Amino acid sequence: MALLGRASFEVQVYQDGRWAINQVMPTEESARHKATQLLLLKTTGGVRIIKETKFSSSNTRESEIFCQMKAVDKDEDFSVTPVKEAPLCEKMSDYYQTAARNTMARLFTKYLEKHEMTPLELLHSHKNLKRALNLDTMVPSAVDKIAVLHARATGEDARKRKDVIFQAVDRIAARAREVDTTPLPELKNSTLDDLLRKIDAKYSDEEERQFMATVAFVRTSVSWTGWLAKMYELLPMAKSQQDERARAMIDEMLADIFVAKTIVKDVIGVSKHLGDALMRMLDLLEGKCVPTKFAATELVELLNYLFGNDLLPKSRAVLVERVGRDLASPVRLTNSESKLDDKAFFDEILERVVTDQGVVGGSSISVGLTERWARLNNIGGALGRKKSMEGVRDKLSSGARKFVYLLDMFDPDSAADFRGAIEGQVRELASQLNSINKIAPHARTEKGRLQEAAAIQRLVLDSRLLSNTKDPIASKFDEIVSDYIISNGVIERLDDKRLPFRDRATRLVTFCSSGVLTVGRATTIARDSIVSYLRRKDFIAEFTCDIPDAAGKEQAIKEFYGLLAKTGFKVN
């Protein structure tokens with residue numbers, strides 16, 4: 001309260017629709033200085049100074065001597081989006097690779113989608129990188145989170161790892177600053193093929209050529225405003241460029257774009273529900289997506305061509321990972337009130353993606369299927385994971401598909417508990433399939449049953465399972481097949497003495513070349529039978545005895561040895 005005859009100065013701030021006293025100052029000069037400071041704050045909507053003069057206990061005069069309003073700068077939310085894993089970048093070049101950039105795209109999704117900018121453009125444009133680094137907390141927060149993930153994976157101290165990452169950020173920023181004013185060929189009014197040729201002529205070091213080419217590429221791409229605008233420029237280029245490096249650069253930028261949350265919907269159009277969107281993304285990856293309402297039809301046609309001809313491998317990998325994440329997400333597959341409809345749609349997806357040759361999209365889809373099954377059946381934890389794998393496995397129609405699903409999920413670098421759970425499932429499945437009929441219960445012929453058993457063994461041998469799990473299972477399937485061949489007289493039935501010699505020999509070799517033999521004892525049994533034929537003293541005479549002319553005999557022998565080569569046997 002001011003003394004009688006003396007004035008005080010209330011500095012008031014306008015925030016949230018009302019005036020509030022911030023501070024009472026003794027002089028007008030100090031009050032105006034305080035007002036100037038408050039007006040610099042982003043959250044301040046206005047400042048006024050009220051001069052209060054007290055003449056007596058009942059006589060006070062108030063007057064406004066200063067008032068200034070301004071627009072409030074609302075802080076945009078550029079907080080970092082958490083990620084569950086991140087690649088361990090040991091070299092500077094690792095930070096520019098697809099895996100690292102995809103992690104950046106997810107971490108900085110709010111910032112990048114606001115500016116519709118790709119991580120490739122962020123890393124290779126000094127102006128864009130400087131703007132992002134000047135934000136108070138975004139990059140430091142991301143570094144903290146990644147350092148913790150790396151420390152958890154390697155056992156390294158998180159603080160040391162944070163220092164390493166910050167040093168890399170400083171070097172990336174310095175490199176972008178150094179090349180900012182470097183004269184480079186322009187993509188505008190040219191082609192990426194031509195740009196690369198000019199860069200090749202200017203720089204001899206391969207890594208420097210790649211970096212400079214990307215910088216030149218980005219100098220043009222940053223002017224393409226918006227994700228769709230970038231795609232309208234990039235996709236025709238991907239189809240027309242002849243230099244594989246040019247297409248690879250385009251693929252890298254498209255891979256960054258496909259991480260954006262809304263881009264798939266903007267391209268392929270409206271989907272009825274998540275399940276429908278997943279099926280349409282799978283269609284796109286196979287080059288057969290049909291545009292729907294609000295689709296970018298021209299882009300869909302180009303993507304169908306490029307994906308169908310396997311010309312965008314990095315973008316394909318990003319979309320596959322996206323399908324896997326969406327499968328694992330809590331979002332319902334259908335709009336139905338009944339979960340039974342979700343389960344039915346899950347069965348459609350399962351039938352679509354799991355084939356005898358492999359899971360479409362590989363491990364990320366397999367893991368997504370497992371997580372979705374757990375959600376549909378309200379189970380969780382380590383026991384839930386085991387039950388989920390069993391549930392998905394038991395829905396599959398053949399032994400081969402069961403193994404395909406489990407083996408595609410296995411990653412030798414994954415967490416020990418997850419890896420152990422898959423190994424346990426594979427061993428359990430192998431123990432259940434202890435006869436030819438159990439391995440291939442739906443096969444209609446003996447040959448079909450043997451082919452399925454051999455196919456499963458090849459899946460196991462080609463998998464990333466560790467040897468202590470892989471070798472016993474492969475041997476078990478070989479034992480089942482070889483015991484079946486012996487006990488059922490398969491070779492003897494093929495070598496029917498009532499048939500001409502040439503027919504018998506051809507039948508045996510045809511059988512062996514049809515993918516029915518497991519590696520090991522079964523192959524040895526068949527090989528020994530074939531060798532015994534070839535070592536017969538008069539093999540050629542017996543084989544061609546009913547062919548009248550020399551040219552015909554020579555052709556028959558040539559065809560037989562060609563067939564023999566298909567068996568993979570090296571017979572001397």
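Everything numeric in this text was worked out from a predicted model, so none of it was measured. Heavy atoms only: backbone and side chains are in, while hydrogens, waters and symmetry mates are out.
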How close do [X] and [Y] get, counting heavy atoms only, and between which atoms?
| X | Y | answer |
| --- | --- | --- |
| Gly399 | Leu433 | CA-CD1, 4.3 Å |
| Ser204 | Arg209 | O-NH1, 2.9 Å |
| Leu284 | Val300 | CD1-O, 4.5 Å |
| Leu195 | Ala213 | CD2-O, 4.0 Å |
| Arg375 | Lys339 | O-NZ, 3.9 Å |
| Lys288 | Asn304 | N-OD1, 3.2 Å |

Check Arg504, Arg502, Arg536 against Glu542 for a side-chain hydrogen bond (donor to acceptor under 3.5 Å, both in side chains) and give me the one that passes. Arg536
Using the salt bridge (Lys or Arg N to Asp or Glu O under 4.0 Å) definition, which of the options Asp341, Asp342, Asp276, Asp326 pairs with Arg332? Asp342
Option passing side-chain contact (heavy atoms from CB on, under 4.5 Å) with Arg393 (candidates Leu406, Thr370, Val354): Leu406
Measure up the [X] and [Y] rings against each other and bin them: parallel (under 30°), tilted (30 to 60°), perpendicular (over 60°).
| X | Y | answer |
| --- | --- | --- |
| Phe258 | Phe307 | tilted |
| His124 | Tyr96 | tilted |
| Phe217 | Trp224 | perpendicular |

How about Tyr405 and Phe410: are their ring centres within less than 6.0 Å of each other? no
[X] side, atom [atom1]; [Y] side, atom [atom2] - distance, nearest 0.5 Å:
| X | Y | atom1 | atom2 | result |
| --- | --- | --- | --- | --- |
| Arg247 | Asp243 | CZ | CG | 9.0 Å |
| Arg280 | Leu285 | CZ | CG | 12.5 Å |
| Ile199 | Arg245 | CD1 | CZ | 10.0 Å |
| Lys387 | Asp394 | NZ | CG | 11.0 Å |
| Lys314 | Met253 | NZ | CE | 13.5 Å |

Say whether [X] and [Y], considering side chains only, have a donor N or O and an acceptor N or O under 3.5 Å apart.
| X | Y | value |
| --- | --- | --- |
| Asp408 | Ser366 | no |
| Ser398 | Asp356 | yes |
| Ser315 | Asp251 | yes |
| Thr469 | Arg427 | yes |
| Arg322 | Ser364 | no |
| Asp194 | Thr191 | yes |

Taking it one step at a time, do Val531 and Arg535 satisfy side-chain contact (heavy atoms from CB on, under 4.5 Å)? CA-CA 6 Å; Val531 169; Arg535 287 179 177 172; 3.3 Å; yes
Ser388 vs Arg372, side chain to side chain donor-acceptor pair (under 3.5 Å): CA-CA, chis, key distance, verdict: CA-CA 9 Å; Ser388 294; Arg372 175 62 62 171; over 6 Å; no
Are Val481 and Leu450 close enough, and set up right, to give a side-chain contact (heavy atoms from CB on, under 4.5 Å), and what steps lead you there? CA-CA 7 Å; Val481 170; Leu450 290 170; 4.0 Å; yes
Other residues, nucleotides, ligands: >12 heavy atoms within 6.0 Å of Glu286 CD: yes
Neighbour count above 12 (heavy atom, 6.0 Å) for Glu554 CD: no
Given side chain to side chain donor-acceptor pair (under 3.5 Å), test Glu252 with Thr98 step by step and report yes or no. CA-CA 7 Å; Glu252 292 282 5; Thr98 312; 2.6 Å; yes
With side chain to side chain donor-acceptor pair (under 3.5 Å) as the criterion, how do Gln210 and Glu206 come out once you've worked through the C-alpha distance, each side chain's angles and the decisive distance to 0.1 Å? CA-CA 6 Å; Gln210 179 62 53; Glu206 182 177 349; over 6 Å; no
Basic-acidic side-chain contact under 4.0 Å: Arg493, Glu446: yes
Evaluation steps, side-chain contact (heavy atoms from CB on, under 4.5 Å), between Phe403 and Ile439: CA-CA 11 Å; Phe403 270 98; Ile439 291 171; over 6 Å; no
Stacked cation flag Lys447 on Phe511, 6.0 angstrom / 45 deg: no
Full working for side-chain contact (heavy atoms from CB on, under 4.5 Å) between Lys230 and Ile257: CA-CA 9 Å; Lys230 292 182 194 296; Ile257 292 172; 3.9 Å; yes
